[in-house]
Amino acid sequence: PLTANLKITMSFPGTTDRTLNAVIRIQRAAMTDRKPTYYIGGAFEGLDDRQLAAISEMMAALRASGAELMREKSRA
């Protein structure tokens, strides 16, 4: 449901030894196909400095890997 808070654990790219635990708030959800597969948009909640640094590091690693990004669809 929208505005639900979820506790998540994310593994750093290329390893399962290092993880980030955080809370995200669901902001949008859309079915992307009939499997069903969903696109879920969320926002991190209440991050401390260590978590912010870890997210920045994860994003840099993903950009450097050439990972394909799913663009957000316009609601207009």
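Just so we're clear, the structure is a prediction, and the values are computed from it rather than from any experiment.
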### Query
Are L52 and M58 connected in a single hydrophobic cluster, I mean Ile/Leu/Val/Met/Phe/Trp/Tyr linked by side-chain heavy atoms less than 4.5 Å apart?
yes
### Interatomic distance, R25 atom CZ to L6 atom CG [nearest 0.5 angstrom]
11.5 Å
### Message
I'd like to know if I40 and I24 are part of one continuous hydrophobic network [Ile/Leu/Val/Met/Phe/Trp/Tyr, side-chain heavy atoms within less than 4.5 Å].
### Response
yes
#### Entry: Under 3.5 Å: donor-acceptor pair, side chain of T37, backbone of T32
no
### Query
Would you call Q51 and L20 a side-chain contact if the rule is heavy atoms closer than 4.5 Å?
yes
### Message
Taking F12 as the starting point, is it possible to reach I55 by hopping between hydrophobic residues whose side chains are less than 4.5 Å apart?
### Response
yes
### Message
Take a 6.0 Å sphere around CG of D49 and say whether it holds more than 12 heavy atoms from other residues, nucleotides or ligands.
### Response
no
